[in-house]
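See structure below.
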Amino acid sequence: MRTSIRFLATAVSMIVLSLAGAAAASAHAALLSSNPVENTSLPTNPERVSATFNEQMQAAFAAMTVIGPDGGQYSDGDVAVQGATLNVGVRPGGPAGVYTVNYRATSADGHVVSGAWSYTVTESPPAPAASSSPVAAPPAATPTAAPAAPTDEGMPVWPFIVGASVIVAAGAIWAVRRRS
Ligand SMILES: [Cu+2]
C-alpha cells in the first residue's frame, strides 16, 4: 500500500518535471520574477525596477522602460544587465496610478525576449499637490464672496423690520392706554 503510493508520487513528480522542462525549452528565455511583483501596490515608486530571467542576458541592446499613468517616461538612466537580471532606475515623484514596465533583451542563446508587467503606486507626491492648491485657491475665493452678498443685503432689512414693528407696537399700546 505504502510502496504503491510512493511509486505513484514518484511517477507524478517525474511527469510534472518533464512537462516543466519541455515548457522551459520551448519558451527559451522566460521571466522568472520581477520587482515590484506584477499587480502589486506600493505607496511610492521604487528606486529601481528589475526583471529576472531563467537565462543569462546579453548587455547589448537591452531595453527597459517605465511608463507612468500619465503616459510619461519614468525610467531613468541606462538599463543595467547583471547576469540574468535587467534593471533600470525610476525617477522619483511620479503620480499615483498604474505603471507599466516594458522590457526587451537578448538572452545568452541569442533569442530576443520581450514583455511587460504593471504595478500600482497609491500615493501622489506631496510637492505637486502643494503647488496646485495655491492655483486652486483664487477661484475658490470668488464663489465664497457671492454667498456673502445676500447677507449684506439682509443685514439692513432686519433692523428696519424689527424697529418698525417696535414703533407700531409702542404706538398701539400708547393709543390703547390713552383711550382707556
Ligand atoms: Cu532561446
Side-chain angles (χ1 to χ4, degrees), residues 1-140:
M1 187 63 181
R2 277 184 185 173
T3 48
S4 63
I5 288 167
R6 193 174 289 175
F7 173 77
L8 191 70
T10 309
V12 167
S13 63
M14 282 178 74
I15 291 162
V16 167
L17 282 170
S18 63
L19 286 171
S26 63
H28 302 289
L31 183 67
L32 286 184
S33 62
S34 65
N35 188 11
V37 173
E38 182 162 29
N39 297 328
T40 51
S41 293
L42 321 166
T44 57
N45 258 314
E47 287 185 14
R48 299 189 80 82
V49 294
S50 68
T52 302
F53 300 87
N54 63 342
E55 294 181 27
Q56 300 279 303
M57 305 306 283
Q58 295 183 27
F61 309 115
M64 189 171 241
T65 58
V66 181
I67 305 300
D70 54 357
Q73 168 82 260
Y74 284 88
S75 42
D76 190 25
D78 292 329
V79 181
V81 180
Q82 293 160 333
T85 300
L86 297 184
N87 64 86
V88 70
V90 181
R91 283 199 284 130
V98 176
Y99 286 74
T100 301
V101 184
N102 301 285
Y103 60 84
R104 182 180 172 87
T106 309
S107 63
D109 69 1
H111 287 108
V112 172
V113 56
S114 64
W117 83 93
S118 296
Y119 60 92
T120 301
V121 169
T122 56
E123 292 176 9
S124 281
S131 64
S132 65
S133 57
V135 179

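In each ligand, atom 1 is the first atom listed, and ligand 1 is the first ligand listed.
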* Give, for atom CD of Glu47 and atom CG of Asp76, the distance between the pair rounded to the nearest 0.5 Å. =>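 Taking CD in Glu47 and CG in Asp76, the distance rounds to 11.0 Å.
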
* Asked: Who pairs with Ser41 by side-chain contact (heavy atoms from CB on, under 4.5 Å), at least two apart in sequence or on another chain?
  ->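 Per chain and number, Ser41 pairs via side-chain contact (heavy atoms from CB on, under 4.5 Å) with Thr120, Thr122.
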
* **Glu55 backbone or side-chain N/O/S under 2.8 Å from the Cu ion (ligand 1)** =>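 No, outside the cut-off.
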
* Who pairs with Tyr99 by ring-ring contact (aromatic ring centres under 6.0 Å, His included), at least two apart in sequence or on another chain? ->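 Here the qualifying residues are Tyr74, Tyr119.
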
* To do: Report the name of the N/O/S atom of His111 located nearest to the Cu ion (ligand 1).
  =>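 This turns out to be ND1.
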
* Do any N or O atoms from the side chain of Gln56 and from the backbone of Ala108 form a donor-acceptor pair under 3.5 angstrom? ->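 Pair absent, no side-chain N/O of Gln56 close to backbone of Ala108.
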
* Angle in degrees, rounded to 10°, that ND1 of His28 and OD2 of Asp109 form at the Cu ion (ligand 1) ->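 Value, to the nearest 10 degrees: 110°.
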
